[in-house]
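The model shown is predicted, which means the values in this text are computed figures rather than measured ones. One-based numbering, in listed order, for ligands and for the atoms of each.
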Amino acid sequence: MIKVTQIEKSKISTIDFENLSFGTVFSDHMMVCDYKNGQWQQAEIKPYEPFTFDPSASVFHYGQALFEGMKAYKGENDEVFLFRPDQNIKRFNKSSERMAIPEFPEDLFLEGLNQLLRLDADWIPQGEGQSLYVRPFVIATEPCIQANPSKEYRFAIICSPVSSYFSGAVKVKIEDHYSRATPGGFGYAKAAGNYGGQFYPTQLAKAEGFHQIIWTDAVSHQYIEEAGTMNVFVRIGDTLITNPTSDTILDGVTRKSLIQLAKDLKIPLEVRPIAISELIEASAKGELLELFGAGTAAVISLIETFNYKGQNYQVENDANSYAQQLKKALTDIQLNRAEDQHQWRYKVQQ
Ligand SMILES: *Cc1c(COP(=O)(O)O)cnc(C)c1O
């Protein structure tokens with residue numbers, strides 16, 4: 001049983017839902033659960049408010065912290081849906097294992113999502129591209145600066161209403177010096193540090209006029225791995241290609257869903273490593289028809305130009321693109337506008 005304390009007065013009327021800046025506005029409630037004495041304590045849903053921690057709290061020093069990102073959608077009849085929440089919950093615990101954080105009980109996680117979304121249902125904007133971004137996370141809270149795994153943690157879920165933003169096709173730099181993740185490392189975990197370490201090289205690329213980085217493998221820098229914090233897809237001729245996941249690549253829910261939808265739509269698909277040389281060759285022949293990133297926040301983000309060692313290469317970006325077909329197929333399922341053949345939609349209990 002989750003203990004629920006409702007807010008006295010909702011702040012929803014103070015929010016300008018027409019002008020939402022991603023991740024800056026938070027709903028009335030949050031879920032919180034602390035880990036102490038070797039177990040998870042009473043879970044609570046309560047008004048969104050600041051946390052107070054000791055300056056020696058382990059997370060500030062050794063960075064045991066990780067998160068998830070998912071979205072809640074409101075359908076035609078005000079029904080609320082999540083998309084494959086089981087996948088996010090499993091991945092949360094896979095990340096936890098790698099960061100030596102105790103796993104969070106799956107059923108309590110799902111129960112918390114249901115109760116929180118029921119309570120804050122008014123915060124879910126309705127319509128194309130509109131959703132409530134759900135951010136579960138866990139941090140190490142033990143007041144102790146010994147370099148050991150913390151004995152105390154805080155799990156929480158906060159929610160932020162988001163609206164679609166049209167970002168045009170972007171210019172990216174293929175990074176051949178810095179690395180996001182290394183074999184044997186924790187690139188596959190949604191660990192906070194993977195983001196922290198990515199900001200500086202991305203800042204340098206932005207100063208050179210690029211929007212984002214395409215990461216390459218840390219060993220040879222010959223194969224592409226991820227586009228910023230998204231999985232990467234490429235279309236050469238008629239074939240859609242994405243690289244296999246590994247310990248350096250995050251196993252994206254969007255990626256695996258697009259792979260299945262490509263099969264459903266009879267799009268020729270290959271899952272194999274993608275060499276930079278192959279992209280350059282295909283671009284020269286005019287066969288590099290699409291290049292895009294895939295992830296929960298933007299669903300699909302188109303790339304129009306990539307730069308490698310100072311040279312720009314064009315992507316054709318076909319009007320009747322696979323990206324467009326796949327995005328439509330995916331969002332139709334998410335918003336309850338299409339049959340859900342694979343049982344991906346999860347209806348929040350109201
Ligand atoms: C979250 C994330 C993705 C995308 O995963 P989704 O489950 O599709 O949102 C891809 N790469 C990295 C590094 C990520 O952190």
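Every protein residue with a heavy atom nearer than 4.0 Å to ligand 1 is included here: R91, R180, K190, Y195, E226, T229, M230, N231, L250, G252, V253, T254, G295, T296.
Side chains of Q311 and N307: a donor-acceptor N/O pair is absent below 3.5 angstrom, by distance only. A donor-acceptor contact under 3.5 angstrom links the side chains of S257 and R84, judged on distance only.
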Check residues 269-278 and write down every donor-acceptor pair under 3.5 Å in which the side-chain atom is one partner and the other belongs to a residue at least two apart or another chain.
| unit_1 | atom_1 | unit_2 | atom_2 | d |
| --- | --- | --- | --- | --- |
| E270 | OE1 | R272 | NE | 2.7 |
| E270 | OE1 | R272 | NH2 | 3.4 |
| R272 | NH1 | E278 | OE1 | 3.1 |
| R272 | NH1 | E278 | OE2 | 3.4 |
| R272 | NH2 | E278 | OE2 | 2.7 |

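Residues meeting the ring-ring contact (aromatic ring centres under 6.0 Å, His included) test with F67, sequence neighbours left out: Y195. In this view, T216 and H221 satisfy the side-chain hydrogen bond (donor to acceptor under 3.5 Å, both in side chains) rule, not counting sequence neighbours.
Using a 4.0 Å cut-off between charged nitrogen and carboxylate oxygen, E225 and R180 do not count as a salt-bridge pair.
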